[in-house]
J.: 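The structure follows.
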Amino acid sequence: MAGSSIMESFFQRSLDDLIKGLRLQVTEYNFISKSLEEIKREIKSTDIQTKSIALEKLTYLNSVHSVDMIWASFHVVEVMSSTKFIHKKIGYLAASQSFNESTDVILLITNQLRKDLNSSNQFEAGLALECLAVIGNTDLARDLTPEIFTLLSSSKDFVRKKAVAVILRVFNKYPDAVRVSFKRLVENLESVNSDPTAAIGVFCELCSKDPRSYLPLAPEFYKILVDSKNNWVLIKVLKVFSKLAPLEPRLAKRIVDPIGEHMKRTSSKSLMFECIRTVVTCLTDYEVILKLAVEKIRDCFLSDNDDDPNLKYLGLQVLSILGSKQHLLAVVENKEFVIKSLSDLDPNIKFESLRLVMEMVSEGNVAEITHYLVGAALKSDPEFCNEILGSILTTCSRNVYEVIVDFDWYVSLLGDISRNPHCQKGEEIERQLVDICLRVAEVRPEIVRVSRDLLIDPALLSNPYMHRILRAAAWVSGEHIELSRNPFELMEALLQPRTNLLPPLVRAVYIHSAFKVLVFCLYSYLAPKEVISTSVGDLAPEESAEASEQEASFSEGDEYFDPRMKRLGEGHTRDRNIENGQASSSASLENDPFTHESIFNMLNMIKMALGPLSGSDEVEVQERASNVLGLIDLMEQELPGLLVREGSLRGEEFQGVKFLDLLQNAFSKELGPVSLSAQQRVPVPEGLLLKENLSKLETVCGDINLTPSSSFSLGSVLFVEKHNSQQTEKESDPSSESTSLLSEHRKRHGLYYLSADKNGSGSNDYPPVNELSNAIDSAQDLLRLPGQSVDSKKKSTTKRRPVVVRLDDGEEATVSGVQKPKDSKDNMLSGAVRDILLGDETKRMSSQSMPSNTGKRNGKEVSLDTGHVPQSKEKGEIENPSTSISHHGKERRRRSKKKDGEESSQKERQKSHRQGRSKTRQTAEIQSPVIPDFLL
């Protein structure tokens, strides 16, 4: 048997042979499969040498080729238990690489780890510590805490540093280990003879989770900040202070001078960057050091003489932090470098500079900045181009377009962005076009003009990223057709043959907009003069008030349309009310664009374009096309002369006009944005259970009846009892029926309609509209970007901001404001640390690490007296980790007693205090730690 093992070991291929064989293979799969079969046979050998070499090869295949090695877990344990260090090393490496917290055999290595941790060979102890840092679970952390505690004070630096490093995982997995090992960890931090590198790294990680618990250790950190010459240690200490300083202003004031000295003295760029980042993160209230930091940013990171892209990126990143802290002046001082970085070859630098440029955007410079960025986007690669366009759209729409004063300019800008060949922001542009159209009434003529330019360009139909934008343009054009200069041109654009390139949903919007244009043109041609030329003075009082409100919603120079005309434009007489004092004039029939020939040609074009679509497989397209063709058929039956080339229907009375009036009344009602919380504002009727069956819907909605079939209706519109009581009056005037329905709906659900008055306040519960901001632009006078405004003729810094309807102010919770709940183990760890540092009586930490080594409270010196296991404790004496701290606490309380008669009562009070604190620790808020005396 022994001879067989020797022969196996003699002819066994080593790891070098395996690697050489892999490199010679064209296809590695077959070779790896054969090697695995060989490894599975060798790893079962009783010879530890053969087993360890097989495990070594398996570990290599697992790390390089992701070969599964879970099946060899027990063999890993066997190799770990070898007495030879070279075999033990292979076993520990395999365990670190393949084991995890849920591995079954991990329970078998507890004693082996304990044995190696207590070994006199520092390298064996190092192997065990490294493995524990990777695979340590709650059970291992609990069982091996005494051994880790002992190694924290080892005389061998190699072992002590590894023990300090592994204590972080032990704390995370078993928070009660803090009560045993925390004092030793603090001693490694403040010891003069030991290197605090590992300890400060552990505290840096601990402070990132709950910095408030470690505020009493500020004296120790301050001593390292002042005395240490190790740049790496100083960087870690600065990271700690960046977490602690915002919690205590006196600490921030204390560290200003040491950080300033490091900035002046150091030549290390890494330490300089960390000092600057600490300043711009938590010391921005101190002008002297802030100015020094800005100067160092410019000299060390933003210098044109240094071509290192890493330094440029770090400098821009620090400026971004300053910009977010409302210190735009520092950003503006380096604006030339920021703008130049937009054309840098490094994509990270370009993205960071773009974020900085967007931080400088304000009402005064938005036109110049966006003009420059749009030009830069044309010269950039597609990825960065869309990053620029997305930043422009996001910044300009921020907080309901708070930086936009000239909406005509911004709508034109959206049109220019849409024509960018690399633009892929169609969804966002679509949303903003519709949103602005709904919110800002004054800009609708410009939106209609921009939409017309997009729709008549057939080249845009082949760009898939333009389809969403074209859908918005079609909807705007149809919804506000009365603002269009040439409805027939718009109809041709909506029905052009290349629209078959559009997706069905977009094409359905095109057809529905064509339906609105058709109704507008037919009504403008057929409506009698007395219907469309009624003046405001002849209206009913409520209609006259509505007209005044609509007139007030238009800016100077815009057309005002009589509400009785239902926003139809000029119609037969095309009356205009020009606010600059000119007399109104009537267009003659000869100059009227709505002639019999134009209507005839338009109807033929519609029938030719939509006829094939009435049989489309797409339900939405088929239904909308059928609606348009159905209207034409109805009008043909009512008006046979309408489809005759030579004919005239002027001045005659037709029943079909009443139906057109009904449709136009429906289309003329203005749409508005809906609050995001609209559904939540609907009161739930008493006794209604929303999640149950709706069989009792009739009982709940008993006051709502269906529309009689003898009257006109829009789809499945429902009448209320009030309408039924007025049925006779409405039958005599069908044209007012839809208006009454919508008015009643507005009355019942007015909470979700836009306000109609000039100031946007109305009688609804919407928040008031945003007014022109009076904020001072700190960067306006300093920033001089190249280029001019996108439209210098329209740009005016003194232009009145139009009314912008705002909804949902303060109703949306920001994601950044939502705090992620801490893990239960993190809470336990923080609670244990506070108990150790503050003690049962919430004592202060002393300032032993300061030059005076002591602090004073009430005239008495206070030393670093925390509840830890004393150094004199030996590893054999530690049986229960939870009792060691208790023992030290008793010793401290025993020293503080003055009279023997008070000893028992004081113990009872302290015991009850500890019990009450342990019950309320998880539910109470984090107690603010006592500030060290050196800050007072």
Side-chain angles (χ1 to χ4, degrees), residues 15 52 55-82 85-119 121-152 154 156-178 181 185 188 197-206 208-209 823 825-826 829:
L15 177 61
S52 61
L55 182 61
E56 185 180 26
K57 293 187 291 184
L58 181 61
T59 304
Y60 172 79
L61 292 177
N62 174 262
S63 61
V64 178
H65 298 280
S66 302
V67 174
D68 180 37
M69 60 179 297
I70 297 299
W71 56 271
S73 298
F74 187 79
H75 300 291
V76 173
V77 176
E78 290 181 322
V79 177
M80 288 174 61
S81 60
S82 174
F85 179 78
I86 188 171
H87 299 158
K88 188 184 295 290
K89 182 178 180 181
I90 296 174
Y92 272 109
L93 175 61
S96 301
Q97 188 167 304
S98 61
F99 285 10
N100 53 58
E101 296 183 15
S102 60
T103 302
D104 295 336
V105 299
I106 201 171
L107 298 175
L108 303 177
I109 66 173
T110 303
N111 290 330
Q112 182 63 43
L113 286 172
R114 181 181 289 112
K115 177 182 177 181
D116 291 335
L117 288 174
N118 295 327
S119 173
N121 187 341
Q122 62 176 350
F123 299 108
E124 290 184 356
L127 287 178
L129 289 170
E130 291 173 0
C131 182
L132 181 62
V134 176
I135 68 172
N137 56 11
T138 302
D139 294 335
L140 289 177
R142 181 187 63 248
D143 297 338
L144 300 178
T145 294
E147 283 70 25
I148 302 298
F149 168 79
T150 303
L151 295 179
L152 286 175
S154 173
K156 301 175 182 178
D157 291 343
F158 177 81
V159 176
R160 186 175 62 253
K161 289 182 179 180
K162 289 184 179 293
V164 171
V166 80
I167 200 66
L168 180 62
R169 186 176 182 93
V170 173
F171 285 172
N172 290 331
K173 297 298 179 182
Y174 182 59
D176 284 344
V178 173
S181 308
L185 182 62
N188 278 275
T197 303
I200 194 60
V202 171
F203 279 107
C204 183
E205 294 297 325
L206 292 174
S208 63
K209 297 181 179 180
D823 184 69
K825 288 188 176 181
D826 292 340
L829 176 61

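Reckoned from all heavy atoms, side chains included, excluding hydrogens, waters and symmetry mates.
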J.: Determine whether more than 12 heavy atoms belonging to other residues, nucleotides or ligands lie under 6.0 Å from atom CG of Asp104.
T.: no

J.: Strictly distance-based, threshold 3.5 Å: is any side-chain N or O of Thr150 a donor or acceptor partner for the main-chain N or O of Pro146?
T.: yes

J.: Report yes or no: does Lys162 contribute a side-chain atom to a donor-acceptor pair with the main-chain N or O of Leu129 at less than 3.5 Å?
T.: no

J.: For the residue pair Ala141 and Tyr174, what are the closest heavy atoms and their distance?
T.: CB-CB, 3.7 Å

J.: So, Arg114 side chain and Glu147 main chain: donor-acceptor pair closer than 3.5 Å or not?
T.: no

J.: Taking atom NZ as the centre, does Lys156 end up with more than 12 heavy-atom neighbours from other residues, nucleotides or ligands that are less than 6.0 angstrom away?
T.: yes

J.: Return the minimal non-hydrogen interatomic distance between Met80 and Gln112, and the atom names on each side.
T.: O-NE2, 3.7 Å

J.: Report the distance from atom CG of Leu93 to atom OH of Tyr60, rounding to the nearest 0.5 Å.
T.: 13.5 Å

J.: For the CD atom of Glu130 and the OH atom of Tyr92, what is their distance to the nearest 0.5 Å?
T.: 10.5 Å

J.: Using only atom types and a distance under 3.5 Å, with no angle test, would you say the side chain of Arg160 pairs donor to acceptor with the backbone of Leu152?
T.: no

J.: Give me the atom names and distance for the closest heavy-atom approach of Ser82 to Lys88.
T.: O-NZ, 3.0 Å

J.: Test of understanding: with ring pair (Phe, Tyr, Trp, His ring centres under 6.0 Å), list the residues that count as partners of Phe74, not counting sequence neighbours.
T.: none

J.: Under the side chain to side chain donor-acceptor pair (under 3.5 Å) rule, what do Ser119 and Asn121 come out as? Steps first, then yes or no, please.
T.: CA-CA 5 Å; Ser119 173; Asn121 187 341; 5.5 Å; no

J.: Between Ile135 and Ser96, which heavy-atom pair has the shortest distance, and what is it?
T.: CG2-CA, 4.1 Å

J.: I'd like to know if the side chain of Asn62 and the backbone of Val67 have a donor-acceptor N/O pair within less than 3.5 Å.
T.: yes

J.: Could you give the distance from OG (Ser63) to CE (Met69), rounded to the nearest 0.5 Å?
T.: 9.0 Å

J.: Does the pair Val170 and Phe149 meet the rule for a side chain to side chain contact (heavy atoms under 4.5 Å, CB included), with working shown?
T.: CA-CA 11 Å; Val170 173; Phe149 168 79; over 6 Å; no

J.: Only one of Leu113, Thr110, Leu107 passes side-chain contact (heavy atoms from CB on, under 4.5 Å) with Asp143; say which it is.
T.: Thr110

J.: Has the side chain of Gln97 got a donor or acceptor atom that lies under 3.5 Å from a matching backbone atom of Thr59?
T.: yes

J.: Quick one, Leu127 with Lys89, criterion side chain to side chain contact (heavy atoms under 4.5 Å, CB included). Give me CA distance, side-chain angles, the key distance, then yes/no.
T.: CA-CA 7 Å; Leu127 287 178; Lys89 182 178 180 181; 4.2 Å; yes

J.: Are the side chains of Lys173 and Arg142 in touch, meaning some heavy atoms are under 4.5 Å apart?
T.: no

J.: Which atom names give the shortest non-hydrogen contact between Val202 and Val164, and what distance separates them?
T.: CG2-O, 3.2 Å

J.: Could you measure the distance from the CD1 atom of Ile148 to the CZ atom of Arg169? Nearest 0.5 Å is fine.
T.: 12.0 Å

J.: At what distance, to the nearest 0.5 angstrom, does CD1 of Ile167 lie from CG of Leu132?
T.: 9.0 Å

J.: Using every non-hydrogen atom in the two residues, find where Ser98 and Ile70 come nearest and quote the distance to one decimal.
T.: O-CD1, 3.7 Å

J.: With sequence neighbours left out, what residues match Val105 under side-chain contact (heavy atoms from CB on, under 4.5 Å)?
T.: Ser73, Val77, Phe99, Thr103, Leu108

J.: Between atom CD1 of Ile109 and atom NZ of Lys115, what is the distance when rounded to the nearest 0.5 Å?
T.: 14.5 Å

